[in-house]
Amino acid sequence: MVNFKQFWTKKTLVGLGLGQFLSLLITSTGFSSSELAKRGINAPTSQSFLNYVLLSVVYGSVMLYRRQALKAKWYYYVILGLVDVEANYLVVKAYQYTSITSVMLLDCWSIPSVMLLTYIFLKTKYRYRKIAGVIVCVAGLVMVVFSDVHAGDRSGGSNPRKGDLLVIAGATLYAISNVSEEFLVKNADRVELMSFLGLFGAIISAIQISIVERNELKSIHWTAGAAFPFLGFSLAMFLFYSFVPVLLKMSGSTMLNLSLLTSDMWAVIIRIFAYHEKVDWMYFLAFVAVAVGLIIYSGGDKDDDQSRADVADQGTERSKHFDEEAGFDNLSRGNTVGSSKMGDMSRHDCMTSSGGRETIENTSIGKDMQALLIPLSL
């Protein structure tokens, strides 16, 4: 018999509530982008620029106040910033060609992408039940694409197939960003992650705006109707980016992407009742497929927690192995010098042990991030 008192723990309720809050934020950004597209405003990078500026100013100020040393190499954040900027660009650009419902549903592609990346780079093991759930979810995404191809006049976009491809590409980059953020927030620092992601994201966005969207910004007639969704998008994205690391550290990237699945349902409900738009009947089949896949995917959480614990133990052993390799020469020299005087040996070993832990921690993070980010950026 299921013990609901054990299931409905404070951590579970906070995770579910935070996940739905993030889902509503994503839905709000979707409607903001859709509203801007209807007004003929095509500046996806500019929409995200203010978000990155807010992240760098708010979290950068906290980081400067702390005056702590970096826990990860700065150029990892450059790569992460580039991936994140282009992911936002592709997804927001898709609103020019396809409907908001299609964008929300096709974002689900990030789930199998996250699974593949965590399996390859983080050595996460998935059971067949979860793989089956992902296959069912992907089947639902295929229905969305098929519906857009055969019902383009009702999909709310000028080129649904092009928009679908842009969303899938953007969702893949989101998966890379989510997995990288999960690793950094668990092994580095959340404030450091947000401040540097905001800093390099703002720099990369500014460069891209000056090259791609300069003329588009000049042609925009700024009214209250255009400025409100623009600012609303930035504020929602800032809140989303601020709370994502909390959920990642609490439950992981899988829980994040599963929680964001409900944004599809929120989008359709708002589209039907607020905008009085027609939704192709295949969307509802896609919802059923995604819901069934989600139920299948969610099974066996205890086994997965044990699997993640085993992976963490393996990572600890690898870190210890790197520790021994990096400190072998210093320890050998310390033992040789200290063999003449026992007091000197004790002091030297203490200094080597305390200094080695900090060195190896940075070395371990550097090696893992290099294996995760650099091959993906090629």
Side-chain angles (χ1 to χ4, degrees), residues 26-27 29-38 40-48 82-117 120 134-180 204-205 208-209 211-213 216 233 237 257 260-261 263-264 267-268 271 277 279-287 289-290 293 375-378:
I26 284 295
T27 305
T29 60
F31 277 97
S32 298
S33 298
S34 181
E35 186 67 24
L36 290 173
K38 290 179 181 179
I41 299 177
N42 182 19
T45 308
S46 301
Q47 289 179 226
S48 302
L82 177 62
V83 171
D84 198 75
V85 168
E86 299 310 320
N88 287 326
Y89 174 82
L90 292 174
V91 172
V92 176
K93 186 73 173 178
Y95 286 96
Q96 304 290 328
Y97 303 102
T98 190
S99 67
I100 180 175
T101 312
S102 296
V103 173
M104 291 295 182
L105 277 172
L106 288 170
D107 265 344
C108 300
W109 177 255
S110 61
I111 293 177
S113 300
V114 164
M115 290 183 66
L116 179 62
L117 292 174
I120 295 175
V134 170
I135 293 175
V136 176
C137 288
V138 172
L141 305 186
V142 174
M143 292 182 189
V144 177
V145 177
F146 184 80
S147 176
D148 278 347
V149 171
H150 290 82
D153 57 330
R154 289 178 292 170
S155 64
S158 59
N159 193 339
R161 280 171 286 187
K162 182 178 180 179
D164 293 345
L165 291 176
L166 289 175
V167 177
I168 292 174
T172 303
L173 293 180
Y174 274 141
I176 297 174
S177 177
N178 288 342
V179 174
S180 303
I204 296 172
S205 296
Q208 187 163 312
I209 290 171
I211 298 174
V212 179
E213 300 179 1
E216 181 68 24
F233 177 91
M237 286 294 287
N257 286 275
L260 296 183
L261 282 176
S263 63
D264 311 332
V268 170
R271 184 179 175 184
E277 296 182 8
V279 179
D280 191 79
W281 63 272
M282 292 198 71
Y283 282 123
F284 297 101
L285 290 181
F287 288 154
V290 171
L376 296 172
S377 64
L378 297 179

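Position 1 is the first residue of the sequence, and the numbers go up from there. Because only heavy atoms are used, hydrogens play no part in the values below, and waters and symmetry mates are left out as well, while side chains stay in. Given the structure is predicted, the values throughout are model-derived calculations rather than measurements.
Put simply, the side chain of Leu166 does not reach to within 4.5 Å of the side chain of Gln96, judged on heavy atoms. Side-chain atoms of Glu86 and Leu82, non-hydrogen and from C-beta on, do get closer than 4.5 Å to each other. At least one side-chain heavy atom of Lys93 sits under 4.5 Å from a side-chain heavy atom of Asn42. In this structure, Asn88 and Tyr174 have side chains that are in contact, with non-hydrogen atoms separated by less than 4.5 Å. Residues Thr45 and Val212 are not in side-chain contact: their nearest non-hydrogen atoms beyond the backbone lie 4.5 Å or more apart.
Here the straight-line distance linking atom CD1 of Ile41 with atom OG of Ser46 works out to 10.5 Å at 0.5 Å rounding. With values rounded to the nearest 0.5 angstrom, Phe31 atom CZ is found 14.0 Å from Phe233 atom CZ. Rounding to the nearest 0.5 angstrom, the gap separating the CG atom in Leu173 from the CG atom in Asn178 is 11.0 Å. The line from OG1 of Thr29 to CD1 of Ile26 is 4.5 Å long, rounded to the nearest 0.5 Å.
Put simply, the side chain of Thr98 never gets that close to the backbone of Ala94: no donor and acceptor are under 3.5 Å apart. Formation of a donor-acceptor pair under 3.5 Å by the Ser113 side chain with backbone atoms of Trp109 is found in this model. Between the side chain of Gln47 and the main chain of Ser33, no donor-acceptor pair closer than 3.5 Å is present.
Closest heavy-atom contact between Ser110 and Ala175: O-CB, 3.8 Å. Residues Ala171 and Val91 share a closest heavy-atom pair of N-CG2, 4.4 Å. Here the closest non-hydrogen pair linking Val136 and Ala289 is CG1-O, 3.1 Å.
In this view, Ser32 satisfies the side-chain hydrogen bond (donor to acceptor under 3.5 Å, both in side chains) rule with no residue, not counting sequence neighbours.
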